[in-house]
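Given the structure is predicted, the values throughout are model-derived calculations rather than measurements.
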Amino acid sequence: MFKITDELRERVRQRADNRCECQGSACRHHRRGARCKRGLRGDQWKIFWHSEKAGDDPNNLEAWCLDCFANNFTIPTHEVTLLRSDLASEWAFRPAEPRKVVTLRSVLRDTGSSLAVTQNGRVLDSIPDELWIEFATPEDALDAARTLQSRFHIQAARLNLPEVPLCSGIHTGQVRKSRTGEMFGEALAVAAMLEGVASAGQIVISDPVAGHFGTRVTLDRLGPQSTEELDEPVGCWVVRG
């Protein structure tokens, strides 16, 4: 999700005391619940990050030997469409009403979970405080994003919560999954960036998604957008209607 520099790599290795830090239950090289004791030799190890928010803090990273990495992860990548949705920024970061924000996000996740079932999607449980849904096709993702706002408002109204607009980002890209279902890859950073640049009530999609729809969906060009987590800017489009 960010660039792994030689300096950061060395900091992680030193913090790990030059030992593999894998604690995965599928690891063949250690007992359950204890960390693997295999050494990190030469280039025969990888840095593993917990989420797209790991940043460059070595305390949020782990160093794994290649054997543990291969044993715990399905290395080949595959293509999915990701939907990332959250409260509009003026609500998501409102310090005066933290309880309402927490409750609204809980309602959003519950609503998204129910919607995923009918739209052939899967909520990413490995990111519990945010709504991420994986879809097989951009069509399913866009249909879900369009339906999500209205269903979210209905559920919030039942709890006497305010009507809050959502922001959504949709991206199709390559990811890899662990054997426990966790998902990793730059595609998550792109989807998060798209949601971040969306204004209240907007659905923002990437170039790959826009190319898939062609003229079947009316779009307004937003232009290339980027973050520190991405090596190159990503073309963005706002879905109209």
Side-chain angles (χ1 to χ4, degrees), residues 1 51-53 77-89 91-92 105 108-153 164-177 181-227 229-241:
M1 317 307 291
S51 76
E52 80 284 354
K53 291 187 175 180
T77 60
H78 63 287
E79 188 171 275
V80 298
T81 298
L82 296 170
L83 167 63
R84 163 81 171 106
S85 293
D86 198 2
L87 313 180
S89 58
W91 259 94
R105 278 205 168 113
L108 174 60
R109 185 170 175 82
D110 290 344
T111 305
S113 297
S114 299
L115 187 60
V117 174
T118 61
Q119 294 294 138
N120 303 314
R122 184 184 73 90
V123 173
L124 305 189
D125 292 325
S126 58
I127 315 178
D129 296 328
E130 305 170 358
L131 179 60
W132 289 86
I133 311 178
E134 166 196 358
F135 294 95
T137 68
E139 286 85 356
D140 287 337
L142 183 56
D143 287 345
R146 284 170 163 167
T147 306
L148 182 62
Q149 180 86 57
S150 60
R151 292 194 182 180
F152 169 67
H153 285 165
V164 177
L166 301 179
C167 299
S168 297
I170 301 175
H171 175 61
T172 296
Q174 297 289 321
V175 297
R176 70 175 187 273
K177 286 183 182 178
E182 293 175 295
M183 188 178 293
F184 305 91
E186 190 177 72
L188 281 87
V190 175
M193 180 274 292
L194 296 172
E195 181 271 316
V197 301
S199 299
Q202 284 186 340
I203 302 171
V204 177
I205 64 177
S206 63
D207 270 343
V209 179
H212 175 84
F213 285 117
T215 59
R216 290 180 290 156
V217 176
T218 303
L219 304 172
D220 293 326
R221 185 173 181 81
L222 190 60
Q225 304 289 324
S226 185
T227 68
E229 296 177 340
L230 300 174
D231 292 334
E232 297 180 357
V234 175
C236 301
W237 304 78
V238 177
V239 177
R240 190 190 303 175

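- Shown here are the side chain to side chain contact (heavy atoms under 4.5 Å, CB included) partners of Thr137, two or more places apart in sequence or in another chain: Glu139, Asp140.
- For Ala191, the side chain to side chain contact (heavy atoms under 4.5 Å, CB included) partners are Leu82, Arg84, Trp132, His171, not counting sequence neighbours.
- In this structure, Ile205 and Leu194 have side chains that are not in contact, with every pair of non-hydrogen atoms separated by 4.5 Å or more.
- If you take CG on Leu148 and OG1 on Thr111, they are separated by 6.5 Å, rounding to the nearest 0.5 Å.
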Show, in sequence, the C-alpha distance, side-chain angles and deciding distance for Ser168 and Leu83, and conclude whether the side-chain contact (heavy atoms from CB on, under 4.5 Å) test is met. CA-CA 7 Å; Ser168 297; Leu83 167 63; 3.9 Å; yes
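- Every residue two or more places apart in sequence or in another chain was checked for a side chain to side chain contact (heavy atoms under 4.5 Å, CB included) with Ser114, and none qualifies.
- For the pair Thr147 (side chain) and Ala144 (backbone), a donor-acceptor distance under 3.5 Å is absent.
- Side-chain N or O atoms of Gln149 include one that pairs as donor or acceptor with a backbone N or O of Leu166 at under 3.5 Å.
- For the atom pair Met193 CE and Leu188 CG, the distance stands at 12.5 Å (nearest 0.5 Å).
- If you take CZ on Phe135 and OG1 on Thr81, they are separated by 9.0 Å, rounding to the nearest 0.5 Å.
- Residues Cys167 and Ala88 come closest through the heavy atom pair SG-CA, 3.7 Å.
- Here salt bridge (charged side-chain N to carboxylate O under 4.0 Å, His left out) pairs that include residues 112-121, with residues two or more places apart or in two chains, number zero.
- Arg216 contributes a side-chain N or O that, together with a main-chain N or O of Phe213, makes up a donor-acceptor pair within less than 3.5 Å.
- The OG atom of Ser85 sits 12.0 Å away from atom CZ of Arg109, with the distance rounded to the nearest 0.5 Å.
- With values rounded to the nearest 0.5 angstrom, Ile133 atom CD1 is found 12.0 Å from Asn120 atom CG.
- Here the side chains of Asp86 and Leu131 are not in contact, with every heavy-atom distance at 4.5 Å or above.
- Annotation: the span from Ile170 atom CD1 to Ser206 atom OG amounts to 9.0 Å, rounded to 0.5 Å.
- Contact of the Arg151 side chain with the Leu115 side chain is registered, since non-hydrogen atoms from C-beta on lie closer than 4.5 Å.
- Scored by the side chain to side chain contact (heavy atoms under 4.5 Å, CB included) test, Ala136 finds no partners at all (sequence neighbours excluded).
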Donor-acceptor list for residues 234-241 side chains, cut-off 3.5 Å, not counting sequence neighbours:
| from | atom 1 | to | atom 2 | distance (Å) |
| --- | --- | --- | --- | --- |
| Trp237 | NE1 | Asp207 | OD1 | 2.7 |
| Arg240 | NE | Asp220 | OD1 | 3.4 |
| Arg240 | NE | Asp220 | OD2 | 3.4 |
| Arg240 | NH2 | Asp220 | OD1 | 2.5 |

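- For the pair Glu79/Thr172, a side-chain contact is recorded, criterion being any heavy-atom separation below 4.5 Å from C-beta on.
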